[in-house]
Amino acid sequence: MKKILVTGGMGYIGSHTCVQMIEAGFTPIILDNLANSKPEVLLRIARLSGHKPMFYEGDVRDRRLLDQIFSEHQIESVIHFAGLKAVGESVLKPFEYYDNNVYGSLVLADVMRQSGVKSLIFSSSATVYGEPETMPIDESFTTGAVTNPYGRSKYMVEECLRDIQQAAPDLSIALLRYFNPVGAHPSGLIGEDPQGIPNNLMPFIAQVAVGRRESLSIFGDDYLTADGTGVRDYIHVMDLADGHIATLKAVAQTAGLHIFNLGTGKGSSVLEMVKAFEEACGHPIPYQICPRRGGDISECWAATDKAAQLLGWKASRSIEQMSADTWHWQSKNPNGYEQ
Ligand code: NAD
Ligand code: UDP
């Protein structure tokens, strides 16, 4: 039984990945401080997978707790999801973002080194690419032109891990750059449960559809895209979860720095997403066109060849599927994990 430490495993992407890991024969051990997730998630993972993962409630910056976990278990790899992720909040609270995301990753890397655990998979983001001039974005594109503390924290961790791997070439470190994760497990039992007003498009649309919010603000319809609204590479969270399984199987035991985009290779506009969601929920989504949101880029989608070749992984779910599964989750759980 291959034990994998999953930091942030109670969160949106972590919970889906734990379910898929159990299915694939791995044993996740979760460390999460519940800063942005609920204890209920563990029960839902257990219901879906038939296995309740061992759960440590605590902080990735807590060196003693990490020591304890690594001494209690023979950990084969670590998947490091834990961190803060709200772009707007990061501008107001940069200290918290660097402390959680950068310092937290360094503590983890240090305790791994002391414990002799040599394999780490890090949740990075397409945001490290900034706004490239050509599409699609492949893994060799320049990184670092980030515009907010959240993005900078991801870039900084990538650079730290790059140096750490270079100094210790027997380590396997994977940097997975996610595009726009959306959707939910098809059971409707787990999904994205943002606290407060959602920052991201899909959860906002879902809350409008379920009647929790009145209408969607579309940030700009004057971009140089087919319909004028922003274009992103939305990826179903189940495909993303499977990308982690593929990474565990293909490269997590091979020394080196492994960098992969996890996207679909296809861009969709805000209006296309609204339309797909209207079809899923069966009624119109009220919206109004608003000014552009500061810091947004016009369009962004991934080159997927490297992941296909080296991980043997490709995203397969459509935006219709993403919308249907988000709607299923949202309509079954109108207030998220809170009853
Ligand atoms: P999430 O907030 O749902 O999950 C993160 C989990 O980490 C939460 O359960 C939270 O309680 C926990 N956590 C936060 N700080 C912690 C700490 N210091 N110690 C222990 N636990 C802590 O977010 P998510 O959407 O699942 O994202 C997972 C990772 O993927 C994050 O690192 C995020 O930056 C990255 N990412 C997410 C997206 C996205 O759009 N969702 C895109 C690109 C990258
Ligand atoms: N967007 C929007 N209204 C919202 C949230 C997002 O029009 O309430 C747009 C945003 O301008 C961008 C796209 O939807 O073009 C995706 O935004 P999101 O915040 O989900 O992801 P990111 O900006 O990280 O790519």
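Count residues from 1 along the sequence. Just follow the structure's listing: the first ligand is 1, and inside any ligand the first atom is 1.
Protein heavy atom closest to atom 38 (C) of ligand 1, with residue, atom name and distance, is P181 CG, 4.0 Å. For atom 28 (C) of ligand 1, the nearest protein heavy atom (residue, atom name, distance) is F81 O, 3.6 Å. Considering only non-hydrogen protein atoms, atom 34 (O) of ligand 1 sits nearest to Y150 OH, 2.7 Å.
Among G58, S15, S125, A82, the residue whose heavy atom sits closest to atom 43 (C) of ligand 1 is S125. Considering L31, N33, I13 only, the shortest heavy-atom separation from atom 21 (N) of ligand 1 involves N33. Of the listed residues (N36, V87, V128), the one carrying the non-hydrogen atom nearest atom 1 (P) of ligand 1 is N36. Comparing A35, G9, G11 against atom 4 (O) of ligand 1, the shortest heavy-atom distance belongs to G11. Of the listed residues (D62, T7, V60, L65), the one carrying the non-hydrogen atom nearest atom 19 (N) of ligand 1 is V60.
Grouping Ile, Leu, Val, Met, Phe, Trp and Tyr residues whose side-chain heavy atoms lie under 4.5 Å apart, directly or via other members, leaves F95 alone, with no other cluster members.
Under the ring pair (Phe, Tyr, Trp, His ring centres under 6.0 Å) criterion, W329 pairs with Y337, sequence neighbours left out.
With ligand atoms numbered from 1 in the order given, ligand 1 contributes 15 (N), 16 (C), 17 (C), 18 (N) to contacts under 4.0 Å with heavy atoms of N100. Of all atoms in ligand 1, listed by their number and element, those nearer than 4.0 Å to a heavy atom of S123 are 29 (C), 30 (O), 32 (O), 35 (C). Atom numbering of ligand 1 starts at 1 in the shown order; those under 4.0 Å from a heavy atom of K154 are 31 (C), 32 (O), 33 (C), 34 (O). The S37 neighbourhood of ligand 1 comprises atoms 8 (C), 9 (O), 11 (O), with distances under 4.0 Å to a heavy atom of that residue. Atom numbering of ligand 1 starts at 1 in the shown order; those under 4.0 Å from a heavy atom of S124 are 43 (C), 44 (C).
Using modelled atom types, no side-chain atom of E192 and backbone atom of Y12 make a donor-acceptor pair closer than 3.5 Å. One N or O on the side chain of D32 and one on the backbone of M10 form a donor-acceptor pair closer than 3.5 Å. Side chain of T264 to backbone of K266: a donor-acceptor contact under 3.5 angstrom is found. Under a 3.5 Å cut-off, the side chain of N200 and the backbone N or O of M202 do not form any donor-acceptor pair.
Ordered by chain and residue number, the residues placing a heavy atom less than 4.0 Å from ligand 2 are N180, N199, N200, L201, L216, S217, I218, F219, G230, R232, Y234, V270, R293, D296.
Between the side chains of Y129 and N261, a donor-acceptor pair is found at a separation under 3.5 Å. Using modelled atom types and a 3.5 Å distance limit, the side chains of E299 and T225 yield no donor-acceptor pair.
Using cut-offs of 30° and 60° on the angle between ring planes, the pair H258 and F260 is parallel.
When non-hydrogen atoms are compared, ligand 1 lies under 4.0 Å from the backbone of L34 (N, CA, C, O) but not from its side chain. The parts of D32 lying near ligand 1 are both backbone and side chain, judged by heavy-atom distances below 4.0 Å.
Here ring-ring contact (aromatic ring centres under 6.0 Å, His included) pairs that include residues 140-189, with residues two or more places apart or in two chains, are Y178-H244.
For the pair A126 and ligand 1, no heavy-atom separation below 4.0 Å is found.
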